[in-house]
Amino acid sequence: MSGYEPRAIEQKWQAVWAGERTWEVPNPGQPGFDERKPKAYVCEMLPYPSGEPHVGHLKCYAVGDAIAHFRRRQGFQVIHPMGYDAFGLPAENNAIKTGEPPRVATERSIESFRRQFQEWGISIDWSRELATHKPDYYRWTQWIFLQLFERGLAYRTEAAVQWCPKDATVLANEQVVDGRCERCGTEVIQKKLEQWFFKITDYADRLLEDFDALESWPEHVITMQRNWIGRSEGAEVVFRCDEVDLEFPVFTTRPDTLFGATFFVLAPEHPQLEKLVAGTEAEAAVREYVDRVGRESAEERGAEDREKTGVPLGRTVVNPVNGEEIPVFVADYVLMEYGTGAIMAVPGHDSRDYDFAQAFGLPVRRVIEGVDPEAPGDADGLPYAGDGPMVNSGRFDGQGNRDAYAAMIEWLGEEGRGKTAVNYRLRDWLLSRQRYWGAPIPIVYCDECGMVPVPDDQLPVELPEIEEYAPHGQSPLAAATDWVRTECPQCGGAARRETDTMDTFVDSSWYYIRYLDPRNAEAAWDRAAAAHWMPVDQYIGGVEHAILHLMYARFVTKALADLGHLEVQEPFANLFAQGMITRDGAKMSKSRGNTVSPAEYVERYGADTARTYVCFMGPPERGGEWTDEGVEGVNRFLSRLWRLCDEVAERTEAVSDPAVAEAAAEETGGEARALLAKAHWSIDKATKDFERGFQFNTVISAVMELVNDAYRLKDVLYGDPAGDAALRFATATAASLIFPFAPHLGSEVYERIAGERVWEQGWPVADEAMLVSDTVTVVVQVNGKVRARVEAPAEAAQEELLELAKANENVAKYLDGTQIVKEIVVPGKLVNLVVK
RNA sequence: GCCCGGGUGGCGAAACUGGUAAACGCGGCGCCCUUAAAAGGCGCUACCGCAUAGCGGUUCGCGGGUUCGAGUCCCGCCCCGGGCACCA
């Protein structure tokens with residue numbers, strides 16, 4: 001007998017899997033490809049390699065690996081690859097601080113991730129490993145960019161960004177604190193810069209519609225994306241300013257309230273603002289207001305209880321439905337990013353317009369009858385957002401506002417002053433970054449030819465080595481003058497390269513396709529390989545990516561499909577969003593000092609314990625609180641299984657045919673049969689819970705129960721052939737079922753007891769006959785209260801159960817002197833006697 | 001404010017379509033093994049009460065309802081976590 005020594009076992013099996021390349025799968029047409037097996041693509045979100053892996057990684061890959069193993073043993077050909085999302089800001093910021101090149105720090109971290117994934121025993125097909133910062137990967141990221149560019153899905157335009165005048169750089173929103181630069185404290189200004197965008201808004205409707213095409217995504221993730229896209233239906237209505245001969249279209253979801261518009265508001269960034277006020281009395285005041293707003297951060301501007309401010313322009317526009325001239329204002333509660341950057345203000349039926357009207361003494365007009373008892377408003381019950389009959393609306397008076405809505409749009413259409421319109425909250429994807437550590441945007445600027453895409457045969461545009469990583473108003477790449485200076489691919493004349501790099505979300509929006517053909521030097525992937533493996537059957541990752549990454553990946557997949565490179569519209573058929581692990585009741589962070597290093601626990605308890613623990617803490621889609629006692633509990637359980645194996649291997653004889661064992665057990669009955677029955681119960685329970693949304697915590701508890709029963713019964717079973725067989729079956733079954741979580745121990749125990757490699761065995765199937773027992777416990781209730789539990793034959797008839805129930809002493813006590821008014825019998829479960 | 005999750009023992013949690021609430025684990029208590037300790041094995045452990053081999057009462061955030069029967073279904077609230085938020 002020897003104790004459970006995870007280190008030795010884990011190294012042994014890891015060597016087997018690495019040496020035999022157990023988890024590698026070939027593509028169709030390659031040797032070893034099994035055409036009979038259905039495919040299953042199991043993929044966890046690739047890690048961002050920074051420092052060492054943390055428990056979030058451990059959980060993600062433990063969960064994904066359990067699924068991969070389960071599917072393999074269910075007969076699927078499973079592809080389960082791994083890669084690294086290697087470009088990005090943290091490595092670059094580290095470079096600015098320490099001078100260490102981002103590549104060096106990143107590759108050191110990748111080393112660490114790779115080593116730990118191997119130490120965890122994750123069943124990865126390492127032949128497909130990739131990293132997004134390698135030229136042979138980002139060459140194809142650039143290719144995808146150019147594909148989108150050629151179809152007009154990538155474009156360059158001016159956009160407002162946050163700019164620090166002292167550091168002379170663009171800042172991310174998170175780097176702006178209270179309107180000041182996080183680093184130097186200088187007030188940040190908004191600046192317009194040429195930026196690259198992907199036209200994701202073209203796909204807004206398809207991104208919404210295709211939720212229906214997904215097999216299983218968490219409802220809340222879909223809802224989050226839906227809200228993010230923010231589709232709303234309404235009308236576009238044109239207001240005209242005759243004085244300066246300009247037209248102002250507005251988007252409204254409430255065309256029924258058009259007659260209630262008493263003023264008009266433009267966003268401070270509205271491009272026509274200048275023309276409206278140039279040379280007027282209002283010019284100075286408007287300019288001052290716009291400047292002030294421009295200096296404010298998004299946070300300040302969006303503050304919940306912010307007071308309404310604005311400046312009148314001294315101009316009017318005409319309301320197309322009634323010819324009324326209404327005054328025009330500029331106000332920061334109107335956003336340039338949404339709709340047309342201009343609104344018709346209906347203070348009678350919109351609370352924001354109402355607040356503005358109050359602040360500026362503007363008229364409030366009711367056009368729909370009704371008062372909301374929940375939000376009563378002023379003395380007249382305004383603003384009122386509900387439904388009702390129209391008033392003060394000319395020809396529409398008396399109509400219900402819902403009917404008027406349609407009628408109004410129709411009428412506007414006839415007059416040529418409006419039409420139905422749809423608006424989205426979703427903005428185009430701003431993908432350019434004035435940063436070094438990313439994939440260069442493969443565009444060249446030529447004085448003669450303008451913007452020229454780098455031809456495919458000149459890809460990749462390699463990231464040059466530089467000395468100075470800090471940005472000075474443009475990408476650090478601009479300093480690499482030799483690199484920037486280039487030849488125009490069209491005319492051969494002098495040209496310069498684009499110095500911006502791509503957002504890392506571009507890199508990670510297609511990696512799951514590259515896995516399918518990672519060494520292809522001729523193309524991003526082979527179409528047949530992609531056609532075979534796509535879509536990802538099970539995608540696993542944290543909820544924090546519910547919106548950005550998952551939506552970008554969906555967009556890129558659709559765009560590539562439209563371009564004829566892919567056959568699927570959706571990349572991820574099933575999504576599993578894991579919950580976050582906390583410690584001391586809080587999210588783990590270095591500043592809080594409550595982080596957990598997986599390596600430390602793997603060192604102390606072994607990878608099997610660490611993996612099994614994160615799966616046992618609770619349902620994996622929920623968060624969980626990490627406790628050291630919990631880890632020890634799981635370690636105790638695995639040790640217990642180990643010792644059971646040790647003892648059973650020593651004290652029982654191997655029975656090669658399980659049918660023989662079962663027959664023997666059947667004959668003897670008693671404990672041997674009870675243990676076999678428990679084993680089959682565990683198989684049944686584990687399989688069902690696996691399939692019912694990956695309820696790993698209860699899968700593991702079922703195996704614990706089986707091991708507990710084996711311990712309780714083993715001493716009476718030893719020596720008896722049926723008993724030995726039952727013990728062997730129970731131990732092997734426990735090993736087989738725990739294998740997806742504790743693959744090393746599972747393999748070791750299974751090999752010692754059954755003499756086979758567990759991962760080569762099919763997932764066990766419960767014997768239905770072993771799941772039913774001869775007798776069942778039936779609960780007897782009197783008036784709904786439990787008064788007794790009686791043993792009854794499993795297939796006892798209603799009459800028989802009633803008799804048994806009434807015969808019970810304790811039950812009889814409660815029946816005494818009463819009259820039974822109703823008898824409810826649920827066969828095999830319960831009897832309820834209703835008495836008076 | 002709107003949209004999602006979630007509230008069950010001392011703690012993490014179970015409970016499939018309404019049918020034994022608390023499986024499994026942690027923690028705690030007791031016993032066995034041991035010269036002793038650790039490790040391990042076995043048992044008890046929702047709470048309260050009593051005439052304590054047993055029996056009774058009370059418990060799934062709060063208040064109602066449907067039902068023979070509700071953690072589970074319906075209505076109304078409260079609290080916690082997450083997302084979005086001046087989106088016209």
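Residue numbers begin at 1 in each chain, while the letters A, B, ... track the order of the sequences.
For A:R787, the side-chain hydrogen bond (donor to acceptor under 3.5 Å, both in side chains) partners two or more places apart in sequence, or in a different chain, are A:Y814. Take A:F356 and apply the ring-ring contact (aromatic ring centres under 6.0 Å, His included) test, not counting sequence neighbours, and it matches A:F263, A:F329, A:Y333, A:F360.
Remark: A:R611 is not positioned above the aromatic ring of A:F741, lacking an NZ or CZ atom under 6.0 angstrom from the ring centre and at most 45 degrees off the axis.
Counted by atom type alone, A:D428 and A:T201 present one or more donor-acceptor pairs between their side chains at under 3.5 Å. Between A:N708 and A:R640, the side chains place a donor N or O and an acceptor N or O closer than 3.5 Å (distance only, hydrogens not considered). In this model, a donor atom of one side chain and an acceptor atom of the other lie less than 3.5 Å apart for A:E791 and A:T777.
Backbone-only engagement by A:S232 is indicated by non-hydrogen atom pairs under 4.0 Å involving sugar-phosphate atoms exclusively. Within 4.0 Å (heavy atoms only), A:V334 reaches at least one base atom of the nucleic acid. Within the nucleic acid shown, A:K785 comes within 4.0 Å of sugar-phosphate atoms alone, with no base atom in reach, counting heavy atoms only. Residue A:G230 is classed as having no contact, given no heavy-atom separation below 4.0 Å to the nucleic acid. When heavy atoms are screened at a 4.0 angstrom cut-off, A:Y814 is found touching the sugar-phosphate backbone but no base atom. As judged by a 4.0 angstrom heavy-atom cut-off over every strand, A:E625 is placed among residues making no nucleic acid contact. Counting non-hydrogen atoms under 4.0 angstrom, A:D332 reaches a base of the nucleic acid. A:R787 comes within contact range of the sugar-phosphate backbone alone, with a heavy-atom separation under 4.0 Å but no base atom that close.
Atom CG of A:N783 is separated from atom P of B:G57 by 12 Å (rounded to the nearest Å). Between the CZ atom of A:R254 and the C1' atom of B:C86 there is a distance of 17 Å, given to the nearest Å. When the C1' atom of B:C24 is taken as reference, atom CG of A:L706 falls 13 Å away, rounded to whole Å. Rounded to an integer number of Å, the gap from A:L335 CG to B:A85 C1' is 11 Å. Remark: C1' of B:C68 and NZ of A:K829 are 16 Å apart, rounded to the nearest angstrom. Atom CG of A:D709 and atom C1' of B:C24 are 12 Å apart (whole Å). Here the C1' atom of nucleotide B:A13 and the CE atom of A:M617 are 11 Å apart, to the nearest Å. Atom P of nucleotide B:G83 and atom CD of A:E219 are separated by 18 Å, given to the nearest angstrom.
Checking B:C68, B:C84, B:A13 against every side-chain atom of A:W228, the shortest atom distance belongs to B:C84. The A:E629 side chain lies nearest to B:C26 when the options are B:C26, B:C16, B:A14. The listed nucleotides are B:G56, B:A14, B:G19; the one nearest the side chain of A:P619 is B:A14. Among the nucleotides B:U20, B:C16, B:C55, the one closest to any side-chain atom of A:R692 is B:C16.
The base of B:C16 is not paired with the side chain of A:K688 by any donor and acceptor separated by under 3.5 Å. Judged by atom type and distance alone, A:N832 reaches the base of B:C68 through a side-chain donor-acceptor pair under 3.5 Å.
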Summary of protein contacts for nucleotides 36-46 of chain B, nucleotide by nucleotide, where a base hit scores B, a sugar-phosphate-only hit scores S (4.0 Å, heavy atoms): ----SSSS---

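The nucleotide B:G25 finds its pairing partner in B:C11, both defining distances of the Watson-Crick or G-U wobble pair being shorter than 3.5 Å. For B:G1, the paired nucleotide is B:C84, the pair qualifying as Watson-Crick or G-U wobble because both relevant distances are below 3.5 Å. A 3.5 Å limit on both hydrogen-bonding distances identifies B:C32 as the Watson-Crick or G-U partner of B:G40. Nucleotide B:C50 has B:G54 as its partner under the Watson-Crick or G-U criteria, with both atom distances under 3.5 Å.
Nucleotides B:G64 and B:G25 are separated by 38 Å at their P atoms, to the nearest Å. Taking atom P on both nucleotides, B:A21 is separated from B:G61 by 16 Å, rounded to a whole Å. When the P atom is compared between B:G27 and B:C11, the two are found 15 Å apart, to the nearest whole Å. Separation of the P atoms belonging to B:G18 and B:C74 is 11 Å when rounded to the nearest angstrom. Remark: the separation of the C1' atoms in B:G76 and B:G81 is 23 Å, to the nearest Å. Atom name P, nucleotides B:C62 and B:A70: the rounded distance is 15 Å, in whole Å. To the nearest whole angstrom, the two P atoms, one in B:U72 and one in B:G65, are 14 Å apart. Annotation: B:G63 and B:C68 have their C1' atoms spaced 24 Å apart (nearest Å).
Taking the charged nitrogens against the carboxylate oxygens, A:R692 and A:D689 do have a contact shorter than 4.0 Å, which makes a salt bridge. Comment: A:K714 does not engage A:E671 in a salt bridge, judged by the lack of any side-chain N to carboxylate O separation of less than 4.0 angstrom. The pair A:R583-A:E625 does not meet the salt-bridge criterion, since no charged nitrogen lies less than 4.0 angstrom from a carboxylate oxygen.
Residue-environment remark: CZ (A:R427) exceeds the threshold of 12 foreign heavy atoms within 6.0 Å. Surrounding CZ of A:R7 are at most 12 heavy atoms belonging to other residues, nucleotides or ligands under 6.0 Å away.
Taking the six-membered ring where the residue is Trp, the centroids of A:W626 and A:Y613 are separated by under 6.0 Å.
For the pair A:I343 and A:M224, both in contact range of RNA chain B, the more 5′-proximal nearest nucleotide belongs to A:M224.
Base orientation at B:G25 is anti, since its O4'-C1' glycosidic dihedral falls outside 90° of 0.
Between A:Y601 and A:Y605, the ring planes are parallel. Angles under 30° get that label, and only those over 60° would be called perpendicular.
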From CA spacing to verdict: salt bridge (charged side-chain N to carboxylate O under 4.0 Å, His left out), A:K813, A:D816: CA-CA 5 Å; A:K813 218 164 70 190; A:D816 193 33; over 6 Å; no

Test ring pair (Phe, Tyr, Trp, His ring centres under 6.0 Å) applied to A:F637 and A:W642, step by step: CA-CA 9 Å; A:F637 156 65; A:W642 170 257; over 10 Å; no

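For the segment residues 792-801 of chain A, the set of residues with a heavy atom within less than 4.0 Å of an atom of RNA chain B is empty.
For A:R425, a side-chain nitrogen or oxygen approaches OP1 or OP2 of B:A85 to under 4.0 Å. Taking side-chain N and O atoms only, A:Q695 has a distance below 4.0 Å to OP1 or OP2 of B:A15.
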Anything under 3.5 Å between a protein N or O and an N or O of nucleotides 21-23 of chain B, put it in a table, one pair a line.
| residue | atom | partner | partner atom | Å |
| --- | --- | --- | --- | --- |
| B:A23 | O2' | A:E705 | OE2 | 2.8 |

Using atom types as modelled, flag every donor-acceptor pair under 3.5 Å from a side chain in residues 248-261 of chain A to any protein atom, sequence neighbours excluded.
| residue | atom | partner | partner atom | Å |
| --- | --- | --- | --- | --- |
| A:T252 | OG1 | A:R254 | N | 2.8 |
| A:R254 | NE | A:D256 | OD1 | 3.1 |
| A:R254 | NE | A:D256 | OD2 | 3.3 |
| A:R254 | NH2 | A:D256 | OD2 | 3.0 |
| A:D256 | OD2 | A:N401 | ND2 | 3.0 |
| A:T257 | OG1 | A:R254 | O | 2.8 |

